[in-house]
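These notes concern the structure reproduced below.
We count ligands from 1, going down the list as the structure has it; atoms in each ligand are counted the same way. These numbers were taken from a predicted model, which means no experiment stands behind them.
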Amino acid sequence: MASTTTATTLHTQFRPPSRPRAPRRIHKYPSSCCFSVRAAAASASAPAQREAAAGVPWGCEIESLESAASLERWLTNSGLPEQRLALEKVDVGERGLVALKNVRNGEKLLFVPPSLVITAESEWSNREVGEVMKRYSVPDWPLLATYLISEASLEGSSRWSSYIDALPRQPYSLLYWTRTEIDAYLVASPIRERAISRISDVIGTYNDLRDRIFSKHPNLFPEEVYNMETFKWSFGILFSRLVRLESMDGRVALVPWADMLNHSPEVDAFLDYDKSSQGIVFTTDRSYQPGEQVFISYGKKSSGELLLSYGFVPKEGTNPNDSVEFLVSLNKSDECYKEKLQALKRHGLLESESFPLRVTGWPVELMAYAFLVVSPPEMIQRFDEMAVAASNKGSSKPAVNYPELDEEALQFILDCCESSIKRYTKYLEGAKGSAEVSINSKQANRTLLLKQLARDLCISERRILYRSQYILRRRLRDMRAGGELKALSLFNGLRNLFK
Ligand SMILES: C[S@@+](CC[C@H](N)C(=O)[O-])C[C@H]1O[C@@H](n2cnc3c(N)ncnc32)[C@H](O)[C@@H]1O
């Protein structure tokens, strides 16, 4: 069996935390809260609703190069050294950085000085607003989200106005999907749950900030500016552009110019602070010809994770880091259901758990979980060791080896895999024929785009499941053929004995 580990070693690039970290004091993150952004906007005041309907009044169309040109001018005037890259329209990612000259493998590029980087320590153009936020010790993510809105609302009086003008007015983000769209298009994918919970985290964060801070200082934080719609925008920007700079104590930062680099799953180059040049750089891991788009890696992310944070799905079969979360559950009618559930809970697991499946195989933890699911009552003494192995919490990785359960455990995984494939196929076949009535052409284009993204994701995820199904079927067939062979040779042996 090919095996992978559950822990994907993520690059630090553009890595959003699983949820924006807010202080316990400020935000409770309601776990059951899964209403849509629209629903939240509907409960806001009339001006906020007007704002919500209009979108944010800053930023540019996602493919705009005009604001990009003034961004380049401002950066040059503010100390960005001469670049070997230019911002252009590109085939992958709409706007991107393109090599102006030959770029060698191993070359350092960018050199963005820290003075041009936005972090939680950046000075607020509106000092009073900044002081209030600091008084409440707001953590980095909500602080930066508020910072962006504050600076954006000041337009030309903010030192970041050229940067903000070049940011997309509506980043490609799942935060902009309505609950109905998420339910309809991501019905087969586990990303649906993650999208719902991310949206509810963002809503919860905004509500906390509003209740605890903004409502206490209405003159500094007018609802026309600080509302659900503007926070959706700022979190969309953070999810798709924030980087963690390991050599700056892991600080999270928006790095103008560097954040025009698009992602390729085929490169391993990532941004970091370079002490010797005192700038944010990345080192290429391949060469580029003049005119070629230069890429970095946003981390070893699955296609679902890329859709969740960055709003795109790589072409089918091009993402070597692709995986799909595979959900397995205890059988409620199992006579040892209670004992198995207790063993799982003792090791921090639940009745249903997800494990990442990859084209290369599945993790040992999934196999351990499957052993537990299929193990008979006489193995009750071993439930705990199986649960430990499934949780991957043991100090050394315990061997999960129960040859007597192999066949049943693999059959269990195969059954789950096949029912998952059915769900994807049902969605993909249903999506083909569904004609929808759109209110206008903008809405029609949006629907087409979302459907295409969902379709690409489902095809990528189903591909992984098909591959696992193939491996599982072969292993089971070989195992059963081996069993039959053994039985046959035993039978022949006995026959010879009685001859
Ligand atoms: C850090 S920004 C990169 C600059 C961005 N293209 C722009 O014009 O502002 C990340 C966004 O770029 C786009 N992007 C990056 N890599 C991509 C890729 N491989 N395919 C499609 N879109 C990509 C996505 O919209 C993503 O949210």
Taking the side chain from [X] and the backbone from [Y], do they hold a donor-acceptor pair closer than 3.5 Å?
X    : Y    : value
Y163 : L116 : no
D285 : D268 : yes
S234 : F231 : yes
E193 : P190 : no
T230 : N227 : yes
R95  : I62  : yes
S78  : W74  : yes
T284 : S287 : no

In ligand 1, which numbered atoms sit nearer than 4.0 Å to a non-hydrogen atom of [X]?
X    : answer
V92  : 18 (C), 19 (N), 20 (N)
R241 : 2 (S), 4 (C), 7 (C), 9 (O)
D259 : 1 (C), 2 (S), 3 (C), 4 (C)
G93  : 6 (N), 21 (C), 22 (N), 23 (C)

Decide whether the shortest distance between a heavy atom of [X] and an atom of ligand 1 is less than 4.0 Å.
X    : value
F295 : no
M260 : yes
L261 : yes

Would you indicate which of [options] comes nearest to [atom] when only heavy atoms are counted?
atom                    : options          : result
atom 8 (O) of ligand 1  : K89, R95, E94    : R95
atom 14 (N) of ligand 1 : N262, L306, D91  : N262
atom 11 (C) of ligand 1 : Y298, Y172, F239 : Y298

Do any nitrogen or oxygen atoms of H263 come within less than 3.5 Å of a nitrogen or oxygen of ligand 1? yes
